[in-house]
There are 2 protein chains.
Amino acid sequence: MTLREVLAENLKRHRLAAGLSQEELAHRADIDRTYVSSLERCQYAATVDVIEKLARELKIDASLLLQQP
Amino acid sequence: MTLREVLAENLKRHRLAAGLSQEELAHRADIDRTYVSSLERCQYAATVDVIEKLARELKIDASLLLQQP
DNA sequence: CTGTGACTTGCAGTCCGTG
DNA sequence: CCACGGACTGCAAGTCACA
């Protein structure tokens with residue numbers, strides 16, 4: 001289980017819990033829709049800057065996105 | 001307080017707690033010596049791949065490196 | 001609404017050195 | 001042991017069309 005996969009799962013779970021689509025979250029976090037899609041499919045190793053934007057819009061602590069199940 | 005700064009502080013604190021120098025940690029995590037120094041000075045936005053390597057050698061959960069004080 | 005391939009660009013990350 | 005610099009490479013970052 002890589003950290004990319006952990007991030008992907010946590011991102012999707014918290015996004016759905018917030019009732020947001022990939023598009024809505026992307027728009028609010030000011031990043032591209034397809035990039036959020038890429039992250040949820042483990043295509044890239046996100047930087048802390050992106051994690052910060054996502055966590056802010058999901059209204060959660062950034063560390064929750066990297067938390068192992 | 002940016003997430004880069006949070007990472008920088010947590011990295012330094014956990015590194016010292018493990019009794020490792022920047023050089024030793026870098027060598028064990030198989031990343032560049034000067035890059036660990038750069039991260040502790042908030043020069044770059046680290047990727048989750050690097051965070052994973054660092055956390056593994058520090059024997060802590062990756063989420064602890066992004067945890068807000 | 002989301003997955004995907006193709007593409008360009010800026011920065012993450014490396015390697016050499018210095019005081 | 002660490003901060004800091006320059007130069008380099010590869011990938012994250014960001015955009016688009018299409019299914």
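Here the structure is a predicted model, which means the values were calculated and not measured. Heavy atoms only: backbone and side chains are in, while hydrogens, waters and symmetry mates are out. Each chain gets a letter, A, B and so on, in the order the sequences are listed, and its residues count up from 1.
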Can you name the closest pair of heavy atoms from [X] and [Y] and give their distance?
{"X": "A/E24", "Y": "A/G19", "value": "OE1-O, 4.0 Å"}
{"X": "A/I51", "Y": "B/L3", "value": "CG2-CD2, 4.0 Å"}
{"X": "B/E5", "Y": "B/M1", "value": "OE1-CA, 3.3 Å"}

Fill in: Phosphate-side-chain proximity, A/R15 and C/dT2, N/O vs OP1/OP2 below 4.0 Å
yes

Roughly how far, to the nearest 0.5 Å, is the [atom2] atom of [Y] from the [atom1] atom of [X]?
{"X": "A/L64", "Y": "A/L58", "atom1": "CG", "atom2": "CG", "answer": "10.0 Å"}
{"X": "A/H14", "Y": "A/E57", "atom1": "NE2", "atom2": "CD", "answer": "15.0 Å"}
{"X": "A/R4", "Y": "A/C42", "atom1": "CZ", "atom2": "SG", "answer": "8.0 Å"}

To the nearest angstrom, how far is [X] atom [atom1] from [N] atom [atom2]?
{"X": "B/Y35", "N": "D/dT9", "atom1": "OH", "atom2": "P", "value": "19 Å"}
{"X": "B/L16", "N": "D/dC1", "atom1": "CG", "atom2": "P", "value": "13 Å"}
{"X": "B/D32", "N": "C/dT14", "atom1": "CG", "atom2": "P", "value": "5 Å"}
{"X": "A/I31", "N": "C/dT9", "atom1": "CD1", "atom2": "C1'", "value": "18 Å"}
{"X": "B/H27", "N": "D/dC1", "atom1": "NE2", "atom2": "P", "value": "13 Å"}
{"X": "B/L7", "N": "C/dA12", "atom1": "CG", "atom2": "P", "value": "12 Å"}

Worksheet item: Going by number, which of residues 39-56 of chain A have a non-hydrogen atom under 4.0 Å from DNA chain D?
Response: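 Residues of residues 39-56 of chain A under 4.0 Å from DNA chain D: A/Y44, A/A45, A/A46, A/T47, A/V50.
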
Discussion item. Just by distance, no angles: are the side chains of A/S63 and A/D61 close enough, under 3.5 Å, to form a donor-acceptor pair?
Written reply: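 A/S63 vs A/D61: donor-acceptor pair found between side chains.
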
Worksheet entry | Heavy-atom donor-acceptor pair, A/R33 side-chain to C/dG3 base, under 3.5 Å | yes

Worksheet item: What are the residues of residues 17-24 of chain A, sorted by number, that bring a heavy atom to within less than 4.0 Å of DNA chain C?
Response: A/S21, A/Q22, A/E23

Practice prompt. List the steps and the verdict of side-chain hydrogen bond (donor to acceptor under 3.5 Å, both in side chains) for B/T34 and B/D32.
Written response: CA-CA 6 Å; B/T34 64; B/D32 195 77; 2.6 Å; yes

Worksheet entry | B/R4 side chain, from C-beta outward: closest of D/dC16, C/dA12, D/dA3 | C/dA12

Worksheet item: Can any side-chain N or O of A/R33 pair as donor or acceptor with the backbone N or O of A/A26 at less than 3.5 Å?
Response: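 Absent.
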
Worksheet entry | Sugar-phosphate only, base, or nothing, as touched by B/S38 at under 4.0 Å among non-hydrogen atoms | nothing

